[in-house]
Protein chains: 2
Amino acid sequence: MTEICREHEEHRDRIAAGRRRVPDREALLEVADFFDALGNPTRLKILYALTGAELCTCDLASIAELSVSAISHQLRILRDRKIISFRKEGKNVFYRLRDQHIVDLLSVALEHMAEGAPHG
Amino acid sequence: MTEICREHEEHRDRIAAGRRRVPDREALLEVADFFDALGNPTRLKILYALTGAELCTCDLASIAELSVSAISHQLRILRDRKIISFRKEGKNVFYRLRDQHIVDLLSVALEHMAEGAPHG
DNA sequence: TCATCATTTGAGCAATTATTCAACCATTGA
DNA sequence: TCAATGGTTGAATAATTGCTCAAATGATGA
């Protein structure tokens with residue numbers, strides 16, 4: 001693997017320059033984890049539901065039409081990736097989006113899809 | 001699954017409102033596919049390398065330190081998700097980011113990580 | 001204290017995914 | 001036409017993931 005294009009010397013320069021643009025491993029994995037968390041229909045349902053109000057685990061399960069357990073697992077992922085935060089009130093745990101960046105991103109992404117791709 | 005929180009009527013209202021914020025199935029899947037494509041270290045390496053210059057498959061393989069075949073598979077995913085486009089020149093295929101939105105998003109994401117999470 | 005409800009957790013399983021390998025296609029130049 | 005190079009593709013496989021189920025935790029009120 002990773003064999004280099006044979007012919008031209010210019011490849012070497014392009015490769016070196018390209019490599020410089022790639023963030024270091026740690027940052028790269030963080031960004032990947034972040035986008036990966038958003039790249040799942042169930043988690044997106046949770047997140048869009050949370051744009052505009054805080055909701056408890058059980059509400060989210062009802063909205064996503066999945067078991068409370070399944071939602072709790074997904075909420076853990078979103079918490080670990082620092083995309084949502086929570087507050088406990090009695091027996092309930094209320095979740096919310098962690099900051100305005102997330103709200104904006106979800107909104108922009110939806111617009112981008114609408115404009116960029118009429119069907120697929 | 002999907003059993004509803006028993007006690008209060010207010011849950012019903014919150015659930016209904018939350019449900020209204022969730023995009024329809026098709027849009028949701030599109031957004032998920034989009035973020036999912038970005039949520040992988042190999043594909044992110046490719047994308048960050050492409051911020052600033054077009055590169056051929058073989059250059060990208062060298063940068064990502066993976067086989068040409070592995071990179072080609074990932075490039076296909078990025079093409080299908082309309083994140084990159086390409087141009088053929090002789091035996092080479094040169095890839096580039098499809099629009100400025102992608103460039104911006106990659107840059108913003110990196111900044112967001114840097115500010116939001118000092119280590120984990 | 002006990003029963004109940006909301007939530008979390010861990011094991012298990014089926015489905016998905018990232019990579020490799022081998023074969024193939026496409027372009028070039030001899 | 002043939003050999004060489006760049007790239008794509010499909011099958012196979014190991015690793016990861018998303019869900020379910022059962023069991024556990026935590027808070028509340030009787």
Side-chain angles (χ1 to χ4, degrees), chain A residues 1-11 14-15 28-29 32-33 35-47 54-81 84-95, chain B residues 1-11 14-15 28-29 32-33 35-47 54-81 84-95:
Chain A
M1 61 169 179
T2 318
E3 65 276 25
I4 238 154
C5 311
R6 284 151 184 77
E7 305 293 334
H8 305 296
E9 184 61 25
E10 60 177 312
H11 280 267
R14 284 206 309 257
I15 290 168
L28 199 81
L29 291 180
D33 274 353
F35 283 128
D36 182 64
L38 303 180
N40 170 276
T42 297
R43 288 192 294 268
L44 277 183
K45 268 186 215 170
I46 293 173
L47 294 173
E54 59 176 18
L55 293 166
C56 67
T57 306
C58 156
D59 292 343
L60 290 165
S62 172
I63 290 168
E65 296 178 281
L66 277 172
S67 69
V68 166
S69 172
I71 294 303
S72 184
H73 279 295
Q74 298 307 327
L75 287 169
R76 163 149 288 288
I77 292 172
L78 292 169
R79 269 197 281 155
D80 289 349
R81 316 280 230 258
I84 58 177
S85 56
F86 65 98
R87 158 180 93 76
K88 295 185 184 184
E89 182 183 308
K91 283 183 284 191
N92 292 297
V93 178
F94 286 94
Y95 287 91
Chain B
M1 59 168 176
T2 317
E3 66 275 27
I4 236 152
C5 311
R6 284 150 184 80
E7 306 295 333
H8 306 297
E9 185 60 25
E10 59 176 314
H11 280 267
R14 285 206 309 257
I15 290 168
L28 199 81
L29 291 179
D33 274 353
F35 284 129
D36 182 65
L38 303 180
N40 169 279
T42 297
R43 289 193 291 270
L44 277 183
K45 269 186 213 170
I46 293 173
L47 294 173
E54 59 176 20
L55 294 166
C56 66
T57 306
C58 156
D59 292 343
L60 290 165
S62 173
I63 290 167
E65 296 178 281
L66 277 173
S67 70
V68 166
S69 173
I71 293 303
S72 185
H73 278 295
Q74 298 307 327
L75 287 169
R76 163 150 287 289
I77 292 171
L78 292 169
R79 268 198 280 154
D80 290 349
R81 315 281 230 258
I84 59 176
S85 56
F86 66 99
R87 156 181 94 77
K88 296 185 184 184
E89 182 182 307
K91 283 182 287 192
N92 291 299
V93 179
F94 285 94
Y95 287 90

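Every value quoted in this text rests on a predicted model; they were computed, and no experiment measured them. Chain naming here is simple, since letters A, B, ... match the order of the sequence lines and numbering starts at 1 in each.
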| What string of B, S and - do you get for nucleotides 21-30 of chain C 5' to 3' if you count protein non-hydrogen atoms under 4.0 Å? | BB----BS--
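Going from atom CG of L44(B) over to atom C1' of dT17(C) covers 16 Å, rounded to whole Å. Put simply, CZ on R87(A) is 16 Å from P on dA6(C), counting in whole angstrom units. Atom CG of L78(B) and atom P of dA18(C) are 10 Å apart (whole Å). Residue N40(A) contributes atom CG, which lies 14 Å from atom C1' of dT17(C) at whole-angstrom precision. Atom C1' of nucleotide dT17(D) and atom CG of D33(A) are separated by 13 Å, given to the nearest angstrom. Separating the CD atom of Q74(A) from the P atom of dT17(D) is a distance of 11 Å, rounded to the nearest angstrom. Summarising the geometry, the separation between CG on D36(B) and C1' on dA15(C) is reported as 14 Å, rounded to the nearest angstrom. The CG-C1' distance, from L66(B) to dA18(C), rounds to 9 Å in whole Å.
Nearest heavy-atom pair across V68(B) and T57(B) is CG1-CG2, 3.9 Å. Between L28(B) and P41(A), the shortest heavy-atom distance links the atoms CD2-O, 3.5 Å. For the pair L44(B) and L38(B), the tightest heavy-atom approach, listed with the atom from each and the gap, is CG-O, 3.2 Å.
Counting heavy atoms from C-beta outward, F35(B) and R43(A) have side chains that stay 4.5 Å or more apart. Counting only heavy atoms from C-beta outward, the side chains of I77(A) and H73(A) never approach each other to under 4.5 Å.
Shown are I46(A), T42(A), L66(A); of these, the side-chain contact (heavy atoms from CB on, under 4.5 Å) with L60(A) is made only by I46(A).
Residue Y95(B) is in sugar-phosphate contact alone, with no base atom involved, counting any heavy-atom pair closer than 4.0 Å across all strands shown. S72(A) comes within contact range of at least one nucleobase, with a heavy-atom separation under 4.0 Å.
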| request: Would you check, one step at a time, whether the test side chain to side chain donor-acceptor pair (under 3.5 Å) holds for R14(A) with H11(A)? | output: CA-CA 5 Å; R14(A) 284 206 309 257; H11(A) 280 267; 3.1 Å; yes
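When the nearest nucleotides of DNA chain D are assigned to L75(B) and R43(A) by heavy-atom distance, the more 5′-ward of the two goes with L75(B).
Residue R76(A) places its side chain closer to dT9(C) than to any other of dC19(D), dT9(C), dT8(D). Proximity note for N92(A) (side chain, C-beta onward) versus dT8(D), dA6(C), dT8(C): the nearest is dA6(C).
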